[in-house]
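Comments concern the structure below.
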Amino acid sequence: MTSGTSPTTSVPLVGAARPGLLGKLWRGNLGPVLAVVAAILVIWYVAAVLMNWTGVSERFGRMGQEATAGTIFWQTMAEDRPMLPAPHQILVELDKTILDVAPTSRRSLVHHAVETISATLVGFLMGSALGVLLAVGIVHLRTLQKSLMPWVISSQTVPILAIAPIIVVVLGSIGLRGLIPKAIISAYLCFFPVTIGMVKGLEAPDRLQRDLMRTYSASSWEIFWKLRLPASLPYLFASLKVAIAISLVGAIVAELPTGAQAGLGARLLAGSYYGQTIQIWSALVVAAACAALLVVAVGLVEKVVTKAMGGRP
Amino acid sequence: MSAFLQRRLASPAKVAWLVALTWVGCVYALGLVHQPDVAGNAGGGFWALVLALWITATLSVAGLAGLKTRSKTAQAAIDLFTPLLFGAFLFFLWEVVVVGFGVPGALMPPPSAIWERILVSGDLLWADFRQTFLKGVLAGYAIGCLSGFAVAILADRVPFLRRGLLPVGNFVAALPIIGIAPIMVMWFGFDWQSKAAVVVVMTFFPMLVNTVAGLEEASRMERDLMRSYAAGYWETLVKLRLPAALPFVFNALKINSTLALIGAIVAEFFGTPIVGMGFRISAEAARLGLDMVWAVIALAAVAGSTFYGLVALAERAATFWHPSIRR
């Protein structure tokens, strides 16, 4: 923060660099975050040993082998189908399914991730467009605001995610297959935060600013383009970040019990059928990475757009 | 156009006539469409009637939305009635289109069939509700929210933990946590405990992130005032910072109320005893009993809205001082 702006009169301290660096780590967020992540990893290893212990020792007992505690300890982190795989096992599996196979192969996690992300993106675009349109309508038409807004809000108490697979089945029976049904689920999930955020954003300019536009004799069209829309952008992007994360959740859940052949959700379900815990965990890790990637991408677009509109980043 | 309509429809009597006309027309059309010779092959005349009703319904909603009265209770009644009329007309359209075109029940059942199914299988629905909601959702919601709150207090007491946990918590809150459902089913078995576990993980992070944000809400001045009263950490927490954090805590409680239901139902897709809302949905969908599927969805929607509504009522009672509630 204020580092680097050292006054020129002060004598540079020799050897002050190391405590300075450590102190900066300690005071900033990076140090604590790394500590928390390290703690999670340690807890994970301990849990892996504890949870797999009984399974491993029973198997050694069945095979009639004498096993020392040491042998069992190492075996708990090398099981084929452990209760909880150790982090390095997941890394090995990720390496095997991402780097060792061609990205087009059915065994490649990249293939599945691309399948899910494409549905996510299509749904996200549809949902955000719908959300923005609804918000514009709600802000401009009193009738819509009074009659539609309560339904937009109560539409979210319907656990739509829970019936996503059924919607996929119904859409499939009228001939819609593949990407589109999943995208529709994602769109339904992500229109809501966009509508709510956008309504808030479009109404962010206060009475004084709108009156100023009126004294310039601006039409309501001009007020929309030149005042309301620019003012709503921060709200819009905040909602878009939420929306793309739920959109991914929607796409994954839509793949669950519908016999989808590809996608991270199908991977989760297959793993759960055959007890392949390492496969489940590696699919989860990839899903988490996708979520992070998508949110960061929206953040980058926000930076570019804000800069292009002349805003201060 | 909307402004023009509202000027033309400013008188309550006109609007009342329109609403009554729409109502009578809809009842007549419903009676008509369920006659055996109309159902499935409704003619052009019938659809012209529906179209006319659509127009009168739009006009009545526009008129209702434009009505302004001095009396507060009358205004509240109008504000409640407008969306209700809008929703009721959507249900009417659903019924008329599905019955009129003879859409097969396996594809899309009409609302009347769903209602009959709800009346017939009350016992089954109650058993599902008890299994999923009263056991899985409520237990998981309570544990998840309480532990999220407790960890937030702990993180607030230890600044190092807060700076480390908050970015991690924000990151995890954006992840597709629902994916842990198969793992939880593997760990905690098929019964409601595994569903509660999924709900715990799903509700924990929103609560943590919101409570930590809420605890920052009390300003420096207010904290300094507490200090000058010689209040310690806990006293400041209980008397100043927790009350100031309440709107954030309730925000998390509201988000979690819908998340919890979703988590429990989706977790049941991965393995369950032969009872529960998620089990009923997947089992009935597999044999195309869509009226039962929709009945469960209706039940879930009512349960979800009621849960949300109760939390919102509690919020009103607890944060009566907040500007968004004080009128």
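In the text below, chain A, chain B and the rest are named by the order of the sequence lines, each starting its count at 1.
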If every non-hydrogen atom of [X] is compared with every non-hydrogen atom of [Y], which pair is closest and at what distance?
{"X": "A/Val33", "Y": "B/Pro167", "answer": "CG2-CG, 3.6 Å"}
{"X": "B/Phe160", "Y": "A/Pro32", "answer": "O-CB, 3.4 Å"}
{"X": "A/Leu248", "Y": "B/Pro176", "answer": "CD2-CG, 4.3 Å"}
{"X": "A/Thr277", "Y": "B/Met186", "answer": "CG2-SD, 3.2 Å"}

Under 4.5 Å from a heavy atom of chain A, the part of [X] involved:
{"X": "B/Val168", "result": "side chain"}
{"X": "B/Leu165", "result": "both"}
{"X": "B/Leu290", "result": "side chain"}

### Student check: side-chain heavy atoms of A/Ile280 and B/Ile183 closer than 4.5 Å
yes
#### Entry: Min side-chain heavy-atom separation A/Leu84-B/Trp187 under 4.5 Å
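Yes - at least one pair of side-chain heavy atoms lies under 4.5 Å apart.
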### Contacting region of A/Ala35 [heavy-atom separation from chain B under 4.5 Å]
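The side chain, not the backbone.
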### Query
Got a sec: does the NZ of A/Lys241 have more than 12 other heavy atoms crowding it under 6.0 Å?
yes
